[in-house]
Amino acid sequence: MESTRTSSRDLIRLENEYGAHNYHPLDVVVHRAQGVWVWDVDGNRYLDFLAAYSAVNQGHAHPRIRKAMIEQSERVTLTSRAFRNDQLGPLYEQVSKLTGYRRMLPMNSGAEAVETAVKAARKWGYKVKGVAEGRAEILVFSGNFHGRTTTIVSFSDDAQYREGFGPFTPGFRILPYGNLDAARAAMGPDVVAILVEPIQGESGIVVPPAGFLKGLERLCREHRALLMVDEIQSGLGRTGRLFAFEHEGVRPDVVIIGKALGGGFYPVSAILADDEVMSVFHPGDHGSTFGGNPLAAAVAREALAVLVEEKLAENSDRLGAYFLERLRAIRSRHIREVRGKGLWIGLELRPEAGGARRFCEALMKKGLLCKETHVNTIRFAPPLVITREELDWALERVEAVFREIE
Ligand SMILES: *Cc1c(COP(=O)(O)O)cnc(C)c1O
């Protein structure tokens, strides 16, 4: 099979030679995927334990979503919002009935939805709360990840995300994640919103202390600010609930979704809110050529239907608890902590373990695709359609790697 092996090498060479080097992927060249499995160009099979950062919660190439996509693509794919289309209204209604939020504003990438939330909060601050023009402040947290636009990296505290990309957008204040006292001290008349991830994904599945979101909600109520929750990665079933904020029984003012909303087929994102916030937008204030297009809407409708009808959040809840318990039972001097909710688990290695990358590479050789996040954490986040048997298959490989790397 020398010829196909060359082809994998050649494809990697093409990427390296002609592409921007803004990623450091594992050297597996995926050719085909179905459910929780992917195959490389040489025909090797792997279990996908990253699920495109939760964008394929429904599994790769889900037959129902694919069918919806094909059928819609045969009718109409793009109208721009200059005209109406017959998919958008039904999507709005479906999302509202599912989530309890009155309105939805669709975009494409997650970062655009975060930008939309930032704009909504500022305009709400000026028009509804009565903050003086140009003074609005949004509180965010250390270790946050909300995307890569220049405004969003303005409030990142990850040096690499910012280095060389200034000048930055003002109006944000970074507080220690999980620290309610710091948030209380930072509240003031110009604070229009708190923007928070219920669990920080990119930071390494960092779970804040119990009561943190609830406390933020209370602060927002007391000081008339919006609680805006970024559920782009934590939402849509990942943590064992439709939204991760449900674990704390809060009701945010703005919910930001993306990733699995497109079922792995198409980028679809949105913010959800009630009238008080959403009514700050008037025709021409904000928009996107592709946002809410009929193909996106048809795909999102089916992606959500699959999530609900196949009970993927329930599966994540049940199998996640089992998986966490089994991972915590692994005895290895390299493991510092195993944490997470549902099928969203971070395994943090000790600093002396030599980094998560070599563990991910060892797992890949055994047929399990994981990706390190930052230096020392392995993130386990398989598609939520995974079965107990497939999870056991993965566990055997994880256990074997920790036996072999002594
Ligand atoms: C992925 C992600 C984003 C950005 O989404 P893109 O589609 O990559 O722009 C924002 N917030 C969180 C929490 C994410 O995980």
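This structure is a prediction, so every number in the text was calculated from the model and none was measured. Position 1 is the first residue of the sequence; numbering continues from there. We count ligands from 1, going down the list as the structure has it; atoms in each ligand are counted the same way.
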| message | Using a 4.0 Å heavy-atom cut-off, which part of Arg148 comes near ligand 1: side chain, backbone, both, or neither? | response | neither
| message | Quick check on atom 8 (O) of ligand 1 - does any protein heavy atom sit closer than 4.0 Å to it? | response | no
| Numbering as shown, the atoms of ligand 1 that approach Ala111 to under 4.0 Å (heavy-atom distance) | 4 (C), 5 (O), 6 (P), 9 (O)
| remark: In terms of its nearest heavy atom to atom 13 (C) of ligand 1, the top option of Ile257, Ile199, Asp230 is Asp230
| task | Classify the contact between Phe145 and ligand 1 as side chain, backbone, both or neither, using a heavy-atom distance cut-off of under 4.0 Å. | result | both
| Glu276 pairs by salt bridge (Lys or Arg N to Asp or Glu O under 4.0 Å) with which of Lys129, Lys123, Arg224? | Arg224
| query | What part of Glu112 sits under 4.0 Å from ligand 1 if we count only heavy atoms: the side chain, the backbone, both or neither? | reply | neither
| note | Between the CD atom in Glu404 and the CZ atom in Arg397, the distance rounded to the nearest 0.5 Å is 11.0 Å
| request: Could you tell me if the ring centre of Tyr101 sits under 6.0 Å from that of Phe243? | output: no
| task | Indicate the ring-plane relationship of Phe172 and Phe155, choosing parallel, tilted or perpendicular according to the 30° and 60° boundaries. | result | tilted
| Heavy-atom check, side chain of Phe380 versus side chain of Leu343, under 4.5 Å | no
| query | Among all protein non-hydrogen atoms, which one is nearest to atom 5 (O) of ligand 1, and what is the separation to 0.1 Å? | reply | Gly110 CA, 3.3 Å
| query | Taking the six-membered ring for Trp, is the centroid-to-centroid distance between Phe141 and Phe212 below 6.0 Å? | reply | yes
| request: Tell me which one of Glu202, Glu197, Lys259 gets a heavy atom nearest to atom 15 (O) of ligand 1. | output: Lys259
